Amino acid sequence: MKDKILNFLNLILVADVFFVFAIFGWFAIAVAGRSTGVNLGFDLWYSLWQPVFNPALGILMGGAILSGIINQVSKRLNPK
């Protein structure tokens, strides 16, 4: 059961990492566009920061910490 939960958590974290990379790519392109005067969606990106992107970063950080804690506890309980 623990392995299934860890596999599911890792799957979610991998998907979230790619989502965060996409967010960063969009941000970089939008800032570059804004500096040249071309509208590439910076205002839309900024409006989605609080409701979408901020929780995605929080899930990524929390999941990474939780995964690390679970792995350390497992190592200490089942030393091989």
Side-chain angles (χ1 to χ4, degrees):
M1 181 69 179
K2 178 188 67 95
D3 291 334
K4 285 186 179 184
I5 292 172
L6 280 177
N7 286 339
F8 180 72
L9 179 62
N10 288 334
L11 178 69
I12 295 297
L13 289 177
V14 168
D16 198 29
V17 163
F18 284 111
F19 182 65
V20 168
F21 284 156
I23 291 168
F24 177 72
W26 181 13
F27 175 73
I29 291 169
V31 167
R34 180 165 243 204
S35 69
T36 61
V38 178
N39 184 11
L40 294 176
F42 181 77
D43 294 328
L44 177 61
W45 186 94
Y46 190 73
S47 69
L48 292 174
W49 172 252
Q50 279 293 67
V52 179
F53 303 150
N54 205 357
L57 289 169
I59 289 169
L60 181 63
M61 287 185 263
I65 291 169
L66 182 64
S67 178
I69 289 170
I70 290 171
N71 285 333
Q72 287 298 319
V73 168
S74 295
K75 282 182 188 178
R76 294 193 193 274
L77 292 178
N78 296 324
K80 290 184 181 179

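Just so it is clear, the model here is predicted, and its values are computed rather than measured.
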Check whether Leu48 and Val31 end up in the same hydrophobic cluster, where Ile, Leu, Val, Met, Phe, Trp and Tyr are linked by side-chain heavy atoms less than 4.5 Å apart.
yes

Rounded distance (nearest 0.5 Å) linking atom OH of Tyr46 with atom CZ of Phe27:
10.5 Å

Which residue pairs pass the side chain to side chain donor-acceptor pair (under 3.5 Å) test with at least one member in residues 58-77, sequence neighbours excluded?
Lys2-Ser74

Nearest-0.5 Å distance, CH2 of residue Trp45 to CZ of residue Arg34
11.5 Å

Once rounded to the nearest 0.5 Å, what's the spacing between atom CG of Asn10 and atom CG of Leu6?
6.0 Å

Do Phe24 and Met61 share a hydrophobic cluster, counting only Ile, Leu, Val, Met, Phe, Trp and Tyr and linking them when any side-chain heavy atoms are less than 4.5 Å apart?
no

Parallel, tilted or perpendicular: ring planes of Phe21 versus Phe18, cut at 30 and 60 degrees:
perpendicular

Within one Ile-Leu-Val-Met-Phe-Trp-Tyr cluster: Ile23 and Ile12, side-chain cutoff 4.5 Å
no

If you group Ile, Leu, Val, Met, Phe, Trp and Tyr by side-chain heavy-atom gaps below 4.5 Å, do Val17 and Val52 land in one group?
yes

For the residue pair Ile59 and Phe19, establish whether any side-chain heavy-atom pair is separated by less than 4.5 Å.
no

One should read off an interatomic distance between Leu40 CG and Asp43 CG, to the nearest 0.5 angstrom, of 11.0 Å

Identify the two heavy atoms, one from Gly41 and one from Ala30, that lie closest to each other, and give their separation to 0.1 Å.
C-CB, 4.2 Å

Find the distance between CH2 (Trp26) and CG (Leu44) and round it off to the nearest 0.5 Å.
4.0 Å

If you compare all heavy atoms of Pro51 against all heavy atoms of Ser47, which two are closest, and at what distance to 0.1 Å?
CD-O, 3.6 Å

Please say yes or no: joined through hydrophobic side-chain contacts below 4.5 Å, possibly via intermediate residues, are Ile70 and Leu13 part of one cluster?
yes

